[in-house]
Amino acid sequence: MAKGKKAEKSRDVLVVGAGIAGMQSALLLAEAGLQVHLVESSPAIGGYFPLLDKTFPTNSCGVCFMSPLPPAYCPIYESELHENIRLMTSSHVDGIEGEPGAFRVSVTQRPTFVDPGKCNNCVSCVEVCPVEVPREFGGGLEKRKAIYLPFPQAIPRSYVIDPATCTRCGECVKVCSPGAIDLDMAEQRHTLGVGAVILGLGFEPFKAELKGEYGFGRYDNVLSSIQYERMLSFSSPSRGMPVRRSDGRVPKKIAFLQCVGSRDPSCGQTHCSTICCMYAMKQAMITKERDPEAEIALFYMDIRPMGKDYERYYERTKGEYGIDFRRSAVSVVKQLQQTRDLLVTYVTEEGSFREEQFDLIVLSVGFTVSDEVKELAQVMGIELNEAGFCRTEEFAPTQTSRPGIYIGGTFREPRDIPETVVEGASAAAQVATLLAADGEKGVRDKVYPEEGALGEGPPRIGVFFLSRGHRLSDIFMAEELINHVQGLRDVVHGEEILVNAPSDGFDRIKLRIGEMELNRLVVAGSSLRTLRMDFGEMARGIGFNPSLIEYADLWEGCGLVHPQGFSETTHKAKVLMEVAVERARRLEPVKKGSSQISRKGLVIGGGIAGLTASLNLARQGHDVALVEREDELGGNARHTWYTLKGSDPQVFLRDLIEMVEGNPKIEIFRKAEVKHLEGSGGNYRTLISVDGQEKSLEHGAIILANGGKEIKPHEYLYGQDSRVVTQRELEGLIHSEDERIRDLKRVVMIQCVGSRDEDHPYCSRICCGHAVKNALKLKERQPEMDLFILYRDVRTYGFYEHAYSGARDKGVIFIRYDPDRKPQVISRDGDLTISTVDPVIGAKVELAADLVVLSTGIEPNDNRRLAEIVGADLNADGFFMEANPKSAPLDFVDRGKFFCGLGHSPNFIEDSIAQGEAASMRAGVLLSVGEIEQVDHVAYVNHRLCCGCGLCISVCPYGARFMDEEIWKAEVMEDVCRGCSSCVVVCRNGASQQHNFEKATVMAMVDAAVT
Amino acid sequence: MEEFEPRIIAFLCHWCTYTGADLAGTTRQQYPPNIRIIHMMCSGAVDTIYILKALIDGADGVLIGGCHPGDCHYQTGNYKARRRVGILKEIFHQVGFTEDRIWLRWISASEGKLFADTVTQMVEELKKMGPNPMKKLWLA
Ligand code: FES
């Protein structure tokens, strides 16, 4: 990049990579009022998200929901539409200089050869293009042309030409009626001044052909999990049915092979990819749902569902779905010439070779980092770790080695969607903190002109047909249609406007509003999704209340999808216009109220998560009240002396507490607890008692960070024999050099104590790591000691896998046990013996030991009372329940309430830090908005008709209803209502209504639609 | 005789099915024009009287489209819709109307093709059933 003068200070943010993490960061920062440049190297945004029809553990679609203010569209649309996000696809960063707060970045945008403003998606170009190549989306299962739409829901929705395969024959140029194709389009270079950078660079699936023995790429019926995911999608060519590529048959016997390109030194991939077990189970379940007769076997080493509610998912896969889990390693796959069936040779746990035939094989490929990303890392000047992922410090999970550049998501370590979302938010929190430093105000506050007294007189409706690419007369009998519309009741004007972009025609409309004194509009245009947003904004800009506009979809909803020809489509168009006009006649100018937010956050719990959340919220510029039950801050971390990744938690904790205590924006209440909370998102009033004294706090958001604790075991002689201790106690002994651990000959550790059992039917996630950590520490002190770990599955996910293999190298012996035949700890004549059954050899093993260490799980603190006071939900295990486990993992349903830390689920310290930061960002966005605006269609109550039955109160999912006890009539809290209509439907008197979706309005629309 | 063309009124939820229908349009999936879409915020906003009114006024079928279970943008609207439609169908059954004219379908924002296919299929089925007799019965 050209050296110029020093980069200037900027509050813009560059986000590179528009996958799940990148979109999350971008949306949060944009919502907080910062300008975001979202740069994506492929032609469409979304990363791997659009590939996923269903996501675990809910098996729901989950493409939506990710925007900061639910309910909202999917993050992909939001990112495209957000006024503070500038989207640059087909672009890459090729230089950066400067320092935090003032970077200068150069970005090159490759030509796509199609002008998205002109392209009308008519597909003629695709039909004539002679080049056919495999489509990248979905792993090359389908074909595309050289000019193509990357995938059906691609955003930006524009065709692109892939210069690598295009032959420049020019056929497409000839047939493109709007003239959108320009084969000589040049690349564009941009220089951006930004204050901070977030890298959401994602992963690349392991190239399965590198494991030659599985035959991927050579055998038709061996698919990668990426391809299989695509196949199971409803939008795939097989409509979601699994099929064999060789003959199109539905496979009856399917094998999933785990750890392809994970935990495998032979291909240089030593880490665990963390999520493959879960996605394979998901794919197996969906397969079973599509074809209940399918027989499915899953070959694995350890099964690793260690996220929130994942263990139950695993149990369901085994039980309800009857998937056959086989702990065996597959050595080779061969194709049978005639049938193209596949012969799998595998080694059972006991070491014997078996062969079995399958119809289809799915390879669960792991996560790697692409060369492109590695190059970019170089450009950015950030360090990578041995595995090629981004290097980060354990306790600063989203900071790269270069100040001012942050990361989130799978470029740090393989991870699932909730964690990716958390890290996206955590990275955003870092940026918000960095850029808030100079105390400027965001660009959020917008001023709109006063609205006129529009909509008050009798309706005068103007109807506008916006034609883009096609003219009305191309598809409809235009004159007849316009005449018909002009004859409808209350319509005073109708006209067609030719536009290039949806926003184009607005000037003309503005003119007509004045000329014809229009007070309601019907806009018939294409792709209403964008139109609604654009038009609403523009209307506000001239003081026209957007709720007075109704839309009709004559193109994508009618003209372009019905092959029947002129008269039918015209007839339908007339009906659609009648429906729209009927609604328009009844539209009321809803004045959107808003309420001021109290710009303060309340954090409950002073452990690592709560401290982190408080500090970050304060650094973003908000006041914070921190409430801690005990006299001392620090929570669980006070008892952790070292970590598996080698950091010192005590030093970290001390510094953190110092910073929190020293921050003037944070007020700390010790020996305090919450007594009562009232109000709604943005405006809460909470009563706390501090050392017996009551105090009232006003705040806009609340973060629950009151963690969990180690489960106290009541088995294995714990509490009866002093040589039986928990991992945490052992850690204390090691730290204090206790004499009990001085001359140990043999130590036996038992895993899953109080986890994955009846009382705690979940995996505590951290115990395998803790056991390995302490085992390594003991071995370090006394290398000759015998160390056994009795386990069910070793769940050292991600880079923890390295520690696991390290422990094995050092001679730690891992013996599996069956939950049905748990190990026994026996104390006889002063000797401690552990007896267990090794399922591999099927024989009993007896081990004498000096010390037995129980790897106890984590349970949440008893949060029932707090949950009741705060109005939060708990799940069956007593952890907090999120609004959506995928996309809003730290949000409660009520706006303004968040949580983080062990109350979410068992987690390592680094995860708690990321969650604390993320929660502070979620809360910070709300607080920085300043005021809460109502949704468009809030509910209201006609008191004359209300009989006070209270049905609407019980049905409202947001608690936006209450009874006015003086007059005994239902009332609506307008800034809490999200306009779902539940109350409208449930009200038997028609007293509950929703603005502009009144029952009478809908009935009139039905009327118009039927006739 | 001219072929019978059924008329379908569709209540589609804003977040999923309506967007799915939009996607069907932008990807140019073809489907018969017999459907008239009414845009609702959520499938849970569809009152049974809307469905009844449509059928009594002469619609031959009613399609309610919502987000997949677990995906409703208002938490549980689609479950409410499911229960409501279930009860309505039961009543239809009891009084001797065919309940097959009411379709409740979960179609997400990315399932444009599914939307087009659903409409195509529904039109075919309704053609087999013939015109809806309810209007006549009502007036009689
Ligand atoms: S929002 Fe789609 S069904 Fe409720």
Side-chain angles (χ1 to χ4, degrees), chain A residues 50 53 58-65 70-74 121-123 149 152-153 157 233-235 239 526-529 553 555-558 560-564 568-569 571-572 575-576 579 893 937 955 957-958 978-982 984-985 994 997 999 1002-1003 1005-1007 1009-1011, chain B residues 5 7 9-11 14-16 18-19 21-42 44-51 53-55 57-59 67-77 80 84 106-114 116-117:
Chain A
D53 239 21
T58 48
N59 283 8
S60 57
C61 112
V63 178
C64 321
F65 289 108
Y73 266 124
C74 100
N121 286 305
C122 72
V123 259
L149 196 63
Q153 341 56 321
R157 186 183 303 292
S233 163
F234 270 120
S235 59
R239 294 280 324 274
S526 63
S527 200
L528 294 190
R529 196 169 41 71
D553 191 356
W555 304 103
E556 275 79 9
C558 177
L560 297 174
V561 287
H562 303 320
Q564 273 70 9
E568 272 84 357
T569 38
H571 177 68
K572 176 165 173 179
V575 176
L576 292 183
V579 174
V893 173
H937 316 286
V955 81
Y958 303 106
R978 303 219 189 139
C980 72
S981 243
S982 295
V984 180
V985 180
Q994 196 187 359
F997 274 103
K999 270 192 180 163
V1002 181
M1003 292 293 259
M1005 289 164 79
V1006 174
D1007 225 3
V1010 178
T1011 48
Chain B
E5 286 294 344
R7 225 174 300 165
I9 304 297
F11 299 96
H14 176 82
W15 305 102
C16 280
Y18 189 77
T19 314
D22 192 44
L23 181 66
T26 42
T27 51
R28 305 289 186 266
Q29 310 279 346
Q30 303 288 311
Y31 55 90
N34 308 47
I35 182 168
R36 284 103 201 247
I37 295 172
I38 295 186
H39 165 247
M40 304 295 285
M41 289 313 285
C42 171
V46 182
D47 196 320
T48 36
I49 65 165
Y50 305 156
I51 306 174
K53 174 164 173 72
L55 289 172
D57 281 359
C67 312
H68 284 267
D71 288 350
C72 173
H73 287 60
Y74 302 103
Q75 304 297 319
T76 51
K80 290 172 187 145
R84 229 168 258 147
W106 312 133
I107 299 173
S108 77
S110 63
E111 293 171 346
K113 173 123 176 50
L114 183 64
D117 290 352

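Just so it is clear: chains get the letters A, B, ... in the order the sequence lines come, proteins before strands, and each one is counted from 1.
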For [Y], is there any backbone N or O sitting under 3.5 Å from a side-chain donor or acceptor partner on [X]?
X	Y	result
K572(A)	I35(B)	yes
H562(A)	Q30(B)	no
R7(B)	V1010(A)	yes

Shortest non-hydrogen contact from [X] to [Y]?
X	Y	answer
H73(B)	Y958(A)	O-OH, 3.4 Å
C42(B)	C980(A)	CB-O, 4.1 Å
T1011(A)	R36(B)	O-NH1, 4.0 Å
Y74(B)	R978(A)	CE2-O, 3.3 Å

Report the residues that fulfil side-chain hydrogen bond (donor to acceptor under 3.5 Å, both in side chains) with K53(B), sequence neighbours left out, ordered by chain and then residue number.
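Counting only residues at least two positions away or on another chain, K53(B) forms a side-chain hydrogen bond (donor to acceptor under 3.5 Å, both in side chains) with D1007(A), D57(B).
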Between L23(B) and E556(A), is the side chain to side chain contact (heavy atoms under 4.5 Å, CB included) condition met? List the steps.
CA-CA 8 Å; L23(B) 181 66; E556(A) 275 79 9; over 6 Å; no
Heavy-atom distance under 4.5 Å to chain B: side chain of V1006(A), backbone, both or neither?
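Both backbone and side chain.
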Name the region of S233(A), side chain, backbone, both or neither, that has any atom closer than 4.5 Å to a heavy atom of chain B.
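S233(A) has no heavy atom closer than 4.5 Å to chain B.
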In sequence, state the C-alpha distance, the side-chain angles, and the governing distance for M40(B) and V1002(A), and then conclude on side chain to side chain contact (heavy atoms under 4.5 Å, CB included).
CA-CA 9 Å; M40(B) 304 295 285; V1002(A) 181; 4.2 Å; yes
Let's test your reading of the structure: which of V985(A), L560(A), V984(A) forms the most heavy-atom pairs below 4.5 Å with chain B?
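Among the listed options, the one with the most contacts to chain B is V985(A).
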Is it the backbone or the side chain of A116(B) that comes under 4.5 Å from a heavy atom of chain A, or both, or neither?
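Neither the backbone nor the side chain of A116(B) comes within 4.5 Å of chain A.
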So which part of Q29(B) gets closer than 4.5 Å to some heavy atom of chain A, the side chain, the backbone, both or neither?
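For Q29(B), the backbone is the part near chain A, not the side chain.
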Sub-4.5 Å side-chain heavy-atom contact between R239(A) and K113(B)
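When only atoms from C-beta onward are counted, K113(B) and R239(A) do touch, with a gap below 4.5 Å.
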Using ring pair (Phe, Tyr, Trp, His ring centres under 6.0 Å) as the criterion, list what pairs up with H937(A), not counting sequence neighbours.
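H937(A) satisfies ring pair (Phe, Tyr, Trp, His ring centres under 6.0 Å) with F997(A) only.
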